[in-house]
Amino acid sequence: MEGSVRVRFAPSPTGFLHIGGLRTALYNYLFAKSHKDGKFILRIEDTDQSRYVEGAEQDIIDSLNWCGMDIDEGPDEGGDFGPYRQSERQEIYNKYAKQLIDEDKAYYAFDTTDEIDQMRERLKKSGNPSPKYDAVTRQSMKNSLTLPQDEVEKKLEAGDEYVVRLKVPRRETIRFEDLIRGHVSFESKGLDDQVLLKSDGMPTYHLANVVDDHLMEISHVIRGEEWLSSTPKHILLYQAFGWEPPQMAHLPLIMSPSGGKLSKRKAEEEGIPVNTKEYIKQHYEPEALVNFLAYLGWSPGDDSEIHSLNELCQLFTLDRVSKGGAVFNHKKLLWYNEHYLREQTNKAIAERLRPIAKTKGVEFPDDEYLQKAISLLKDRVSKIDELLEMGSFFFEDPEEYDEKALKKWKSDSSDLVSQYREKISELEDDEFKAATLKSHLEDVINANDVGFGKLMMPLRIAVTGQGFGPDLFTSMQLLGKETVLERIDTALEKLG
RNA sequence: GCCGCGUUCGUCUAGGGGUUUAGGACGCCGCCCUUUCACGGCGGUAACACGGGUUCAAAUCCCGUACGCGGUACCA
């Protein structure tokens with residue numbers, strides 16, 4: 001423990017890894033790696049059997065890997081503090097729960113949920129706005145504090161359902177120092193006697209979390225703000241066990257542009273992918289997501305914006321994390337994505353593009369051609385898969401002509417395009433170069449005394465099917481004489 | 001309702017008593033480059049929630065209010 005940094009990312013496998021969860025993981029990772037020998041631990045908190053989702057754990061691991069976060073200890077990696085799946089640690093929690101009971105810091109409670117509801121109803125009617133199972137009410141409930149000991153034993157032996165609850169003190173101020181928020185304090189009277197062990201024998205989050213963080217020698221708990229109000233319960237547990245609590249740091253939440261926590265529904269309404277898996281599927285650059293997420297609630301304090309994961313590890317400090325919620329800005333993510341895409345070599349992009357093209361049924365030409373096409377296209381797209389749409393004409397003949405672009409096809413267009421076709425059809429293959437193609441176009445417009453666009457736009461439509469795109473002459477050179485002439489002929493036929 | 005945490009341009013943020021005519025980035029707008037669309041370059045737009053204190057001086061410290069968010073489970 002002596003000063004070494006050990007942090008954990010502790011998601012529950014109840015679904016695919018949420019983008020907010022990914023950021024929590026990232027901040028944990030950055031914090032760990034900003035320290036010498038800091039360890040980043042993955043712990044799977046699968047204590048709610050009813051919400052368990054098949055494949056969720058693998059999705060979490062895949063997502064972290066995709067971002068480049070290496071897990072030091074976890075279910076797959078192992079480590080000296082395993083198992084790292086809470087469902088496999090049940091005996092440990094039982095043991096510690098029993099210890100608390102033996103020390104009179106926790107107790108068995110046999111009340112059914114109905115009975116608890118009734119108690120709450122009753123208290124509400126008598127003017128208590130927020131009734132709790134607490135130091136006062138537990139005295140009138142069915143538990144090992146109120147029942148005679150032999151009856152408690154009989155119930156336990158008979159296998160009656162029970163939970164174990166923490167004896168939360170009646171009046172106590174619980175204070176702790178949050179590394180992001182500073183001084184935080186709560187009154188114990190606002191707290192329920194927390195359930196530690198559920199009737200199915202599984203621990204609740206609170207017990208499992210505290211026991212594991214202690215046993216795994218976690219030095220810093222870095223988690224979302226939604227946990228801030230649970231922290232006093234945890235502090236109380238640490239006290240009950242006589243353990244030193246780890247340092248706490250509660251991260252601001254990621255918000256939806258329309259306000260509120262970025263939920264699945266809200267995000268989808270606003271076109272924001274919510275699961276990391278979606279970003280992978282949609283071919284976002286992992287470096288972009290990482291960079292973007294790091295800056296969502298944190299900044300290094302200078303004017304820099306672009307940093308790799310490794311650089312972020314050097315720069316990250318918890319005291320520079322902001323306190324207020326941060327709205328997810330999809331356009332900024334795309335800006336980052338463009339940046340990281342353009343940073344890559346054409347060769348690297350080509351290699352990645354081939355398998356993507358395959359899934360979309362696009363046939364690709366040889367590498368040299370592909371890389372040239374990419375160099376013409378990559379400044380014009382936000383994501384790698386958009387290269388396919390943007391540059392579709394490099395890979396197949398245009399099937400139809402863009403409607404908006406077609407407005408530029410005027411009555412004199414076919415005549416001009418035909419004249420141009422005549423001129424370039426006489427070129428040898430090795431003369432079919434951008435500069436030559438351009439000068440021939442100039443010849444035609446001069447001969448007809450019209451503007452450049454009068455011919456260039458129709459020609460662009462004929463050759464690419466689009467009204468925009470990379471330099472037309474370079475594009476034609478790459479496409480080659482045969483293809484260009486064919487496409488012009490098709491266009492003249494179709495558009496008259 | 002109660003408890004807690006927040007609040008600087010539309011968004012992410014810098015700034016933590018005088019250095020500030022409040023800086024950067026995304027977005028948006030304009031210009032240049034380009035006889036396409038982008039990229040790039042240059043410029044512009046735009047913020048200290050409100051009210052009281054403290055102080056010679058407050059975006060910065062304190063107290064209220066408002067608003068937002070989170071929590072209030074045998075979910076994490």
Side-chain angles (χ1 to χ4, degrees), chain A residues 10-15 21 45-48 50-51 86 109 111-113 116 124 128-130 132-133 161-165 178 180-182 184-187 189-192 194-206 208-209 223-233 250 252-253 255 257 259-261 292 295-306 320 322-336 338 342 376-382 390 405 408 438 441-442 445 451-457 459-461 464 466-472 475:
Chain A
S12 88
T14 54
E45 308 224 328
D46 53 350
T47 54
D48 186 352
S50 65
R51 291 208 306 160
Q86 291 187 328
D111 319 270
T112 64
T113 37
I116 294 169
K124 247 182 200 165
N128 183 341
S130 48
K132 287 178 190 58
Y133 201 123
E161 286 211 337
Y162 67 89
V163 299
V164 173
R165 282 181 185 270
D178 187 283
I180 293 168
R181 277 146 224 286
V184 182
S185 73
F186 288 84
E187 299 300 326
K189 67 168 186 268
L191 267 32
D192 265 298
Q194 211 51 53
V195 171
L196 267 21
L197 232 42
K198 301 186 269 191
S199 57
D200 66 358
M202 279 290 190
T204 58
Y205 172 84
H206 307 294
N209 193 263
R223 73 232 298 191
E225 197 190 346
E226 71 267 30
W227 293 110
L228 188 58
S229 28
S230 300
T231 306
K233 302 169 187 172
H250 289 91
L253 262 20
M255 315 292 277
K261 194 155 71 161
F292 169 73
Y295 271 69
L296 206 56
W298 172 86
S299 83
D302 55 23
D303 287 343
S304 65
E305 298 282 343
I306 304 291
R320 297 205 57 88
S322 41
K323 298 178 176 77
V327 175
F328 191 100
N329 184 346
H330 196 225
K331 285 212 168 127
K332 186 143 191 186
L333 204 212
L334 287 175
W335 176 77
Y336 273 116
E338 288 159 11
R342 284 165 200 157
L376 292 174
L377 295 163
K378 78 172 167 185
D379 282 348
R380 283 152 225 273
V381 297
S382 294
M390 185 86 208
K408 299 271 168 90
K438 187 174 182 182
L441 187 136
E442 279 162 349
I445 62 157
F452 200 93
K454 278 283 187 187
L455 174 49
M456 201 198 75
M457 281 315 286
L459 184 60
R460 176 179 286 286
I461 294 163
T464 72
Q466 299 168 337
F468 54 86
D471 180 73
L472 182 57
S475 300

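Side chains are part of it too, since the values below use all heavy atoms of this structure and drop only hydrogens, waters and symmetry mates.
Contacts of A/Arg51 classified as side-chain hydrogen bond (donor to acceptor under 3.5 Å, both in side chains), with partners at least two apart in sequence or in another chain: A/Asp48. A/Ala326 is linked by a side-chain contact (heavy atoms from CB on, under 4.5 Å) to A/Leu296, counting only residues two or more places apart in sequence or in another chain. Take A/Glu161 and apply the side-chain hydrogen bond (donor to acceptor under 3.5 Å, both in side chains) test, not counting sequence neighbours, and it matches no residue. Under the salt bridge (Lys or Arg N to Asp or Glu O under 4.0 Å) criterion, A/Lys332 pairs with A/Glu305, not counting sequence neighbours. With sequence neighbours left out, A/Arg181 forms a salt bridge (Lys or Arg N to Asp or Glu O under 4.0 Å) with A/Glu225. Listed by chain and residue number, nothing satisfies the salt bridge (Lys or Arg N to Asp or Glu O under 4.0 Å) test with A/Asp111 (two or more places apart in sequence, or in another chain). Under the salt bridge (Lys or Arg N to Asp or Glu O under 4.0 Å) criterion, A/Asp200 pairs with no residue at all, not counting sequence neighbours. Residues that satisfy the side-chain contact (heavy atoms from CB on, under 4.5 Å) test with A/Met255, not counting sequence neighbours, are A/Leu253, A/Val327.
Base pairing analysis places B/G64 opposite B/C50; the two distances defining the Watson-Crick or G-U wobble pair are each below 3.5 Å. Across all strands shown, B/G1 forms a Watson-Crick or G-U wobble pair, both distances under 3.5 Å, with B/U72.
Rounded to whole Å, the separation between the C1' atoms of B/G71 and B/C61 comes to 29 Å.
What separates CZ of A/Phe292 from C1' of B/C12 is a distance of 8 Å, to the nearest Å. Here the C1' atom of nucleotide B/U60 and the NZ atom of A/Lys323 are 12 Å apart, to the nearest Å. One can place NE2 of A/His330 at 13 Å from P of B/G27, the figure rounded to the nearest angstrom.
At a threshold of 4.0 angstrom between heavy atoms, the contacts of A/Gly190 with the nucleic acid are absent. Residue A/Met255 is in sugar-phosphate contact alone, with no base atom involved, counting any heavy-atom pair closer than 4.0 Å across all strands shown. Contacts of A/Lys132 with the nucleic acid, taken as non-hydrogen atoms under 4.0 Å apart, are absent. Residue contacts for A/Gly224: at a heavy-atom cut-off of 4.0 Å it reaches no nucleic acid atom on any strand shown. Residue A/Arg223 is out of contact with every strand shown, counting any heavy-atom pair closer than 4.0 Å.
A/Gln466 CD to A/Ser475 OG: the interatomic distance, rounded to the nearest 0.5 Å, is 9.5 Å. To the nearest 0.5 Å, the span separating NZ on A/Lys132 from CG on A/Leu191 amounts to 8.5 Å.
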Between N or O atoms, less than 3.5 Å apart, protein on one side and nucleotides 74-76 of chain B on the other: list the pairs.
unit_1, atom_1, unit_2, atom_2, d
B/C74, O2, A/Ser199, N, 2.7
B/C74, O2, A/Ser199, OG, 2.7
B/C74, N3, A/Ser199, OG, 3.1
B/C74, N4, A/Asp111, O, 3.4
B/C75, OP2, A/Lys198, NZ, 3.3
B/C75, O2', A/Asp48, OD2, 3.0
B/C75, O2', A/Arg51, NE, 3.4
B/C75, O2', A/Arg51, NH2, 3.1
B/C75, O2, A/Arg51, NH2, 3.3
B/A76, OP1, A/Thr47, OG1, 3.0
B/A76, OP1, A/Lys198, NZ, 2.5
B/A76, OP2, A/Tyr205, N, 3.3
B/A76, O3', A/Glu45, OE1, 3.4
B/A76, O2', A/Ser12, OG, 3.1

Under 3.5 Å, which N/O atoms of the protein pair with N/O atoms of nucleotides 48-51 of chain B?
none

Write down the protein N/O and nucleotide N/O pairs, taken from nucleotides 20-25 of chain B, whose separation is under 3.5 Å; answer none if there are no such pairs.
unit_1, atom_1, unit_2, atom_2, d
B/A25, O4', A/Glu305, OE2, 2.8
B/A25, O2', A/Lys332, NZ, 3.2
B/A25, N3, A/Lys332, NZ, 3.3

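At the phosphate of B/A14, OP1 or OP2 sits under 4.0 Å from a side-chain N or O atom of A/Ser299.
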- Going 5' to 3' through nucleotides 32-37 of chain B and flagging B where a protein heavy-atom sits under 4.0 Å of the base, S where only the sugar-phosphate is that close, and - otherwise, we get ---BBB
